[in-house]
Amino acid sequence: MTFQARNPDAAALSRRGFLITVTSAGVALGFAAEAAAAVAGAPAGFEPTIWYSIDRDGAVTVNVIRAELGQHVGTAIARIVADELEADWSKVRIATVDSDPKWGLMVTGGSWSVWQSYPIYSQAGAAGRMALIEEGAKLLKVAPGACVARHGAVHAGKASVSYGEIVTRGDLSRKLTPEALAKLPMKPAAERRLIGKATHARDIPAKTNGQGLYGLDASVAGMVYARPKLPPTRYDSVVTAIDDSAAKAVPGYQKSIALTDPSGTVPGWVVVLADSFIAANKAADLVKVTWKTGPAAQVQEADLQRRAAEVMADPKAGSLVVGDPGVDEAFAAAKSKVEATYTTSTALHFQMEPVNALAFEKDGVFEIHTGNQWQSLVLPWLAKALDRPETSIVMKSYLLGGGFGRRLNGDYAVGAALASKAIGKPVKLVFTRADDCRFDSPRSPSVQTVRMAFGEGGRVTAMEHTASAGWPTLAMAPFFMPKGTNGVAYDPFSISGADHWYTVGAQRVRAVNNDLANTTFRPGWLRSVGPGWTNWALESFMDEAAHAAGADPLAFRLKLLDGAGRNAGSGPTAVGGAKRQAAVLSRVAAKAGWGQPLPKNTGMGLATTFGQERDMPTWVACAARVRVDPTTGAVKVEKLDLVVDCGTVVHPDGALSQMQGASLWGMSLALFEGTTFKDGQVRDTNLGAYTPLRMADVPDLDIEFMPSTEPPVGLGEPATTVVGPAIGNAIFNAVGARVRDLPIRPAAVLKAMKT
């Protein structure tokens, strides 16, 4: 799927004319349609811009549409602008903006932020630098060719004029056509002064001194607190009675109401209202709600896995993501074949800040104060729920105390808004940890079957990968679903990663929706999304196939990563294709000492990935060294070596943090995390039973970035997908146990050792 297919607005934006216009007080840089409208109504003295502004003091304010949830995205984006603009970094400020149609698609997920932002903000910075040089040359009374921009000023020999002076004294007005914009001279990599250079993230001080505001901090005078009473099932529960007689004894309790939601986002929800959250929390435990439920209330985890296997068994079911001719013929003629089935369990987000939202109407505008990752998705839900136009709703942005994909689903904002509308007062809706878990949008359990055909001389002639899971995009954003080669729409976030870069002859990749999952709960996007399960199966299977072929797993992979045909790669961000994946794999094997002797019951495993999408590949390879206790099956990860080629590294400290966090998240999902559905709900609702990776379990980490001047791609998720299979493969090399289910439990290791 192409970038344009995922983001239909992006192509239109890139075709718009680019405007550089300067008022008496500031430079306005933006796409023509939005910037022209802004200038027309601009107050004298200062003009904010679409992507950044410069004031009379030379301060640059960069407008960022991405949510800040710990990844320091604002710093990375501001560095992109400031580098091309040749700004004084000490004068660069970051503004995280609220929802507004002028920003286009507002979403933070998929490791897209820097990748999508880089060309837009780079062009904006280059355009501003060019305009400032030309006007600065006039003020210096020299030709533009005699000038250079450096550190927030235009220089001509020993003379210079600051950006602030140019903005104050100059008269800049210039439009660029799309053709002219495309021809703007971008700085060569050798001349970058900020990108790739060490700096502290700008958001850290406010997060550590208490000045940073999270959604949970949002407040307004006269607001009423609310806690939800969530129904037994996500979709098919209907409130039939509310008994709040016991809750009336709680001081501060006001009332409980059943929400009526025309959007269908929060069916069956009841909100308990009080003067404080403490009162709302106590009262909610005392309120008794009776619901009429449907069949989802009887669904168990085993039912979900069984249904996945059933729908996969129909060879005509689902969408063909890759549908080469000759697959069946190659398997029929194969000299040998290998096949395996892999599963993953339901997994939860468990972000530290439970979801929350403050909602109220003010001056004809409904304001939603919350931390959210996909404003463009939630605004239409709010409009339908409140029965008012999107133009009269605004989502105010706050820091997010973690998200990991949970806050892409903004159902909690709808609940707060409906409660506020119902009582005519501001409502602050806060979930407890248990509420958050019960109505999380979990990563769906999955079932996958992978098979490979071998011809003469052990040559790989065909490969087929079929995956079934709940589809989050079908549940929440069906407009993001492309069609496969057979014309059937599919959720790209349920199968991405399976369309790999290995050359395997005739290839078939099939995505099949688990309809029972989608009617039981609302599947969600959890950090790494589809590759969290597809790469578990793919890279575990590549090891199994290598052993079946009598080949070294490293040599087997490298032979298939030949960059032939569609795996050659192309611009702008997949240049080099499979050859770059082979390079990170070779490098990590060398670093980790692949092939060297290891102590008894200790093994090393390899795995590699390109991340999520073929048009924005982040090439990652991992070598995991583990020790297995043969008496208990317990697995101890001793070291993780990772090598990544993400193109240009914009913010080195942020990039390293992303890789560290993602790799440990992947290890946590591989060995520790996982729950089950019981009677239509997740079994585990707190961190006592659901036990992520603990500090004592953290192994040595060695992370290396390959040098590159290619455009930057994503780093938030790829490492998550490569650690699990590397650990699984290491377990096999340590004790001969092949585990095919995530999470990897000691009992499963013991069982595999016996078989």
Side-chain angles (χ1 to χ4, degrees), residues 196 198 501-502 535 538-540 542-543 546 551-563 576-599 601-611 617-628 635-649 652-667 670-671 693 697-710 713-715 717-734:
W501 292 76
Y502 293 110
N535 210 53
L538 173 63
E539 284 301 300
S540 296
M542 294 307 289
D543 246 50
D552 173 79
L554 172 64
F556 184 77
R557 287 178 172 87
L558 292 176
K559 185 177 180 180
L560 300 181
L561 290 170
D562 59 6
K579 293 291 188 181
R580 289 171 71 184
Q581 187 166 2
V584 296
L585 181 59
S586 295
R587 177 60 184 153
V588 83
K591 279 172 60 69
W594 175 259
Q596 295 179 7
L598 291 171
N601 300 322
T602 301
M604 181 177 293
L606 296 175
T608 182
T609 184
F610 66 95
T618 300
W619 316 105
V620 183
C622 175
R625 190 181 73 217
V626 309
R627 185 177 71 253
V628 180
V635 177
K636 174 68 175 179
V637 179
E638 296 181 337
K639 188 179 183 183
L640 294 175
D641 283 279
L642 293 103
V643 175
V644 56
D645 178 353
C646 61
T648 295
V649 176
D653 184 64
L656 179 60
S657 296
Q658 288 283 59
M659 284 292 295
Q660 291 171 332
S663 59
L664 294 178
W665 185 285
M667 177 180 163
L671 295 177
L693 179 76
D697 300 311
V698 174
D700 290 340
L701 288 174
D702 189 330
I703 297 170
E704 178 181 329
F705 291 83
M706 299 283 272
S708 177
T709 58
E710 297 294 340
V713 283
L715 277 174
E717 298 164 300
T720 298
T721 76
V722 77
V723 172
I727 291 173
N729 295 334
I731 292 171
F732 178 81
N733 290 332

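Values below: all heavy atoms of this structure, side chains included; hydrogens, waters and symmetry mates excluded.
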Of all the heavy-atom pairs spanning [X] and [Y], show the shortest one and how long it is.
X: Gly647; Y: Val713; value: N-CG2, 4.5 Å
X: Trp501; Y: Gly577; value: CZ3-CA, 3.5 Å
X: Thr618; Y: Pro718; value: CB-CG, 3.7 Å

Between Leu715 and Met659, does the side chain to side chain contact (heavy atoms under 4.5 Å, CB included) criterion hold? Intermediate values first, please. CA-CA 7 Å; Leu715 277 174; Met659 284 292 295; 3.9 Å; yes
Any side-chain heavy-atom pair from [X] and [Y] closer than 4.5 angstrom?
X: Gln660; Y: Ile703; answer: yes
X: Pro699; Y: Leu664; answer: yes
X: Val620; Y: Leu642; answer: yes
X: Val723; Y: Leu640; answer: yes

[X] side chain vs [Y] backbone, donor-acceptor pair below 3.5 Å:
X: Asp641; Y: Ala592; value: no
X: Thr608; Y: Leu585; value: no
X: Asn729; Y: Pro725; value: yes

Chi angles and distances behind the side chain to side chain contact (heavy atoms under 4.5 Å, CB included) call for Val698, Leu693: CA-CA 7 Å; Val698 174; Leu693 179 76; 4.1 Å; yes
I would like to know whether Ile727 and Met667 meet side chain to side chain contact (heavy atoms under 4.5 Å, CB included); could you show each step before the answer? CA-CA 8 Å; Ile727 291 173; Met667 177 180 163; 4.0 Å; yes
According to the side chain to side chain donor-acceptor pair (under 3.5 Å) rule, which pairs have a member within residues 583-599, sequence neighbours left out?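 Side chain to side chain donor-acceptor pair (under 3.5 Å) check on residues 583-599 returns Asp552-Trp594, Arg587-Glu704, Lys591-Asp702, Lys591-Glu704.
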Results of side-chain hydrogen bond (donor to acceptor under 3.5 Å, both in side chains) for [X] - residues two or more places apart only:
X: Glu717; result: Ser111, Gln612
X: Asp645; result: Arg580
X: Asp653; result: none

Could you list the residues that satisfy side chain to side chain contact (heavy atoms under 4.5 Å, CB included) with [X], not counting sequence neighbours?
X: Phe556; result: Met452, Phe454, Val460, Met542, Ala545, Ala546, Ala549, Ala551, Leu560
X: Ala583; result: Met706
X: Ala662; result: Arg527, Ala719, Thr720
X: Ala726; result: Ala607, Cys622, Ala624

Asp543 vs Arg557, test: salt bridge (charged side-chain N to carboxylate O under 4.0 Å, His left out). Steps then yes/no. CA-CA 9 Å; Asp543 246 50; Arg557 287 178 172 87; 2.8 Å; yes
Tell me every residue that passes ring pair (Phe, Tyr, Trp, His ring centres under 6.0 Å) with Phe705, counting only those two or more places apart in sequence or in another chain.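 If we apply the ring pair (Phe, Tyr, Trp, His ring centres under 6.0 Å) test to Phe705, skipping adjacent residues, there are no hits.
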Among residues at least two apart in sequence or on other chains, which ones pass ring pair (Phe, Tyr, Trp, His ring centres under 6.0 Å) with Tyr502?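 Partners of Tyr502 under the ring pair (Phe, Tyr, Trp, His ring centres under 6.0 Å) test: His500.
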If I take atom CG from residue Leu671 and atom CG from residue Asp697, how far apart are they, to the nearest 0.5 angstrom?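 Reported to 0.5 Å precision, the distance equals 8.5 Å.
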CD/Gln581 to CG/Leu558 distance, rounded to the nearest 0.5 angstrom?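 Rounded to the nearest 0.5 Å, the CD-CG separation comes to 10.0 Å.
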Residue pairs involving residues 617-627 (criterion salt bridge (Lys or Arg N to Asp or Glu O under 4.0 Å); sequence neighbours excluded):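 Pairs touching residues 617-627 that pass the test: Arg625-Glu638, Arg627-Glu638.
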Before giving the answer on side chain to side chain contact (heavy atoms under 4.5 Å, CB included), spell out for Ile731 and Val635 the whole-Å C-alpha distance, their side-chain angles and the decisive distance to 0.1 Å. CA-CA 8 Å; Ile731 292 171; Val635 177; 3.7 Å; yes
Hey, can you tell me if Trp619 and Phe610 have their rings parallel, tilted or perpendicular (30° and 60° cut-offs)?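 Answer is tilted, since the angle falls between 30° and 60°.
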